[in-house]
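Below: the structure, in structure tokens.
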Amino acid sequence: MSLNINNLSVSIAERQILKDFNLSVSRGEVHAIMGPNGTGKSTLAKALAAHPDYTVTGGTALLDGAEIIGLEPDAVARLGLFMAFQYPVEIPGVSIANFIRAALTARLKESGGDFSATAYYKALYAQMDALKIPREFTSRSVNVGFSGGEKKRCDILQMAMLKPSYAILDETDSGLDIDALRIVADGVNHMRGPGTGFVIITHYQRLLNYIKPDYVHVMYGGRIVKSGGAELALELEEKGYGWVEKEFGVLV
Amino acid sequence: MSSQTDDRSAQEKALAVERDVGNFSYETSYDFDAGKGLSERTIDYICDVKGEPDWMREFRKKALKVFNDKPMPSSWASPDLANIDFDRISYYMAKGRPSRSWDEVPDEVKKTFERLGVPEKERAFLAGVEAQFDSESSYSSMKEELAKQGVIFVSSSEGLMKHPEIFRQWFGKVIPIGDNKFSALNSAVFSGGSFIYIPKGVKLKQPLQAYFRINAEEMGQFERTLIIADEGAEMMYMEGCTAPQYETSALHSAVVELVALKGAKIQYVTVQNWSASVFNLVTKRGLALEDAEIRWIDCNIGSRLTMKYPAVVLRGERARGEVLSIALAHDGQHQDTGSKMIHAADNTSSNIVSKSISIGKGRATYRGMVQMPRHLKNCKNNTECDALLINTNSRTDTYPAIVVRGEGNSVQHEASVSKVSEEQIFYMQQRGIPEAEAMSLAVNGFVNDLVREFPMEYSVELRRLIDLEMEGSVG
Ligand SMILES: Nc1ncnc2c1ncn2[C@@H]1O[C@H](COP(=O)(O)OP(=O)(O)OP(=O)(O)O)[C@@H](O)[C@H]1O
Ligand SMILES: [Mg+2]
């Protein structure tokens, strides 16, 4: 089972950002995507998640065989795609506990399962403890007044609770202190296994020391220009993107 | 969702359908019907049918004159008021016989009752299929209990006839006839509404509900309620419900007067869900004596135009007044609400929290007034008004507190306007929550701290109603 992205082209505000983008992520795999600012990494994540500002002008994306392009964002999410935001949004008045609960019950409505409040809080507290999020956060409004790092951890908490089959983490490491980085990485590693495929968008090799990727891709000008193993990230860290531009600049 | 404009027109379409949900009426025949239009004859008809004493007949006729003489508020109020055709309104109808069956109630309405969890036995009444709400079973034990404590809880007509000594002492004293054009209209033709007296020191644990004694006559569009809490008494009154009701008239103009004597506490809770054709023009004011407390907790949903500014006159030292209000305006609706706090003694305090939600072309206006004359000492007011816009078409205006204040008094005023952003909705949808539900989460989040102040059963219904409203607001 895999997430298959074929020749995906995406524009925003009439400007084409992704061009014939291809990537296949199987459950159980961890793919890292690196690339210079503005190259379309977040665009990829948001287009897959069906953000209304992004228009898919061509290509397909199959999640375990089901086409997700053209679906509403919530339908894509319930099919199993999760996205941790580069900039998580604040939602005043909606507590973390109620929010995650609403997300879970939306899934249960579809599957016809029952919601148990005790089981829910047990699971929620366990995940919060693991992510070292104080329990009083359950009653705080989602992301409101959170520090940058707390927001990222809150996203990872949601991921842990919703158990997606594919998760795209968009610069989840940015803004994290050294301890938080390790905690978040532990959270991901804990979920790592045959059930979940990960796409990890990052600028820094450091995260990949904690989460060992199976593949590293270099994105440039709206497409993947080079793929390799974990060692590719080290190479990028060392050499920067200058050589990519030299080699692939003509494509842009 | 391809583009924003598509979105909006889809939304408007959805709204047009939604608006019809609360909008249903039938022909009804009445034993007593004053006919259409308003004149001295209308008033004589009402007084004769009700067998009212002469002083009331004079009061009503005086009010009619004031109503006719007073111009429509025009400089500040909505120009839509000019569209009320007073000659086409029926001012008094009583003892209606429904000539319809449950089968004739629109399916949409039935569904809404179900979704809101309106109890089975109340549905037929709300839908106008039964003239009388069969409340005897739930009410009789309570009635006994109340009688034992000396509480009077009757219709305003019964209050006038059976308890003239208390009724007359306070009736029309908190809100004089000429307060505004619509209080004059109400004073001329009122029928229905409650009269309540709570004796000294009696503290009611259960709220009194208009429901318990309501019948077709009392559904009237010109309700008049008078509540007196004697020294040290405490009570809560609840009116309205979240369910759509069949409409008997396009104009509702109620007057509610509260009197909290020394140390008394009155909480007046309103939840109203008007259909989109209704003008709802209400005058509500409470008088709080020494150490007394009056709280208006008010939720207005729907209507073509609502104008309502609950007030508290803080007449005695250390009196406290509070207005907590939620207003929700859909496309084509205008909620013009606010509050007045009139400080008239030292050491008085008041608090106003107003939250409005505008959806589509819905419009919400806040008007506040806080009076704190210079000669008073140590008075406090806190005003907070927040508006939430659901899309860019919405309009909200705040006319903040007009304040007169002397040294040593304090006034705090905060206002905010926020939007449910596309990014917030996307974030929630990305977690699997459907758009309409995401919208209601955001809206419920916005009003959460106020909804908590409503009695339990209302707050549950209120949340469900917000869910329903949001469902109708996305394409
Ligand atoms: N709403 C928008 N309107 C116009 N252009 C946009 C919008 N959002 C993104 N873009 C443009 O699309 C391009 C790709 O942006 P994207 O956010 O995908 O880059 P990125 O690879 O995630 O960059 P970074 O590493 O800085 O996060 C950028 O040039 C950006 O300016
Ligand atoms: Mg980015």
Side-chain angles (χ1 to χ4, degrees), chain A residues 13 45-46 48-56 70-85 87-96 98-111 139 141-144 151 154-155 157-159 161-164 167-168 170, chain B residues 1-8 10-11 326 353 355 357 384 386-391 416-453 459-460 462-464 466-467 470-471 474-475:
Chain A
K46 287 191 191 167
L48 291 174
H51 190 293
D53 287 353
Y54 296 78
T55 314
V56 175
L71 298 183
E72 289 292 316
D74 53 299
V76 176
R78 289 194 303 274
L79 278 176
L81 186 84
F82 181 91
M83 169 184 167
F85 287 67
Y87 306 107
V89 185
E90 301 190 356
I91 306 173
V94 182
S95 72
I96 291 191
N98 281 344
F99 182 59
I100 298 178
R101 182 190 184 130
L104 282 171
T105 39
R107 286 166 173 76
L108 287 172
K109 255 181 219 158
E110 232 164 34
S111 64
S139 55
S141 295
V142 177
N143 296 328
V144 176
K151 285 181 182 169
C154 174
D155 259 20
L157 171 67
Q158 293 169 43
M159 179 180 77
M161 289 299 291
L162 299 176
K163 304 199 174 6
I168 305 175
D170 192 357
Chain B
M1 290 193 298
S2 49
S3 78
Q4 266 192 321
T5 29
D6 277 8
D7 247 16
R8 211 161 283 148
Q11 187 171 65
I326 298 173
V353 184
K355 302 218 175 196
I357 301 145
E384 189 187 321
D386 302 315
L388 184 71
L389 306 181
I390 301 289
N391 74 36
S416 77
V417 178
S418 50
K419 267 185 189 181
V420 178
S421 71
E422 204 174 49
E423 291 306 319
Q424 285 171 324
I425 296 299
F426 176 68
Y427 186 87
M428 292 190 262
Q429 280 190 280
Q430 209 304 303
R431 300 314 184 224
I433 299 166
E435 188 182 3
E437 227 179 296
M439 205 73 109
S440 9
L441 269 179
V443 172
N444 272 308
F446 174 71
V447 295
N448 211 1
D449 46 341
L450 279 194
V451 170
R452 254 184 245 139
E453 297 291 326
S459 60
V460 171
L462 212 57
R463 281 181 225 276
R464 282 203 206 116
I466 289 174
D467 289 349
M470 291 307 118
E471 238 166 71
V474 296

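Protein chains get the first letters and strands the later ones, always in sequence-line order, with residue 1 at the start of each.
Residues Gln424(B) and Ile91(A) share a closest heavy-atom pair of NE2-CA, 4.1 Å. Smallest separation of non-hydrogen atoms from Pro52(A) and Phe426(B): CD-CD1, 4.0 Å. Closest of all the heavy-atom pairs between Leu441(B) and Val94(A) is O-CG2, 3.3 Å. Nearest heavy-atom pair, Arg431(B) versus Gln158(A), reported as atom, atom and distance to 0.1 Å: NE-OE1, 2.5 Å.
Between the CD1 atom of Ile433(B) and the CZ atom of Arg101(A) there is a distance of 12.5 Å, given to the nearest 0.5 Å.
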Handout entry: Audit row: Glu422(B), Asp53(A), side-chain contact (heavy atoms from CB on, under 4.5 Å) steps and yes/no
Key = CA-CA 9 Å; Glu422(B) 204 174 49; Asp53(A) 287 353; 3.2 Å; yes
Exercise for the section: Tell me, with the steps shown, if Tyr87(A) and Tyr427(B) meet ring-ring contact (aromatic ring centres under 6.0 Å, His included). Expected result: CA-CA 10 Å; Tyr87(A) 306 107; Tyr427(B) 186 87; over 10 Å; no
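Between the side chains of His51(A) and Glu423(B), at least one donor-acceptor pair of N or O atoms lies under 3.5 Å.
Neither the backbone nor the side chain of Pro164(A) comes within contact range of chain B; no heavy atom of the residue lies under 4.5 Å from a heavy atom of that chain. With a threshold of 4.5 angstrom between heavy atoms, Glu110(A) does not approach chain B through any atom at all.
Partner of Pro434(B) under the side chain to side chain contact (heavy atoms under 4.5 Å, CB included) criterion, chosen from Lys109(A), Glu72(A), Arg78(A): Arg78(A).
When each of Gly432(B), Ser421(B), Gly445(B) is scored by its heavy-atom pairs under 4.5 Å with chain A, the top score falls to Gly432(B).
At distances below 3.5 Å, at least one donor-acceptor pair connects side-chain atoms of Gln430(B) with backbone N or O atoms of Met83(A).
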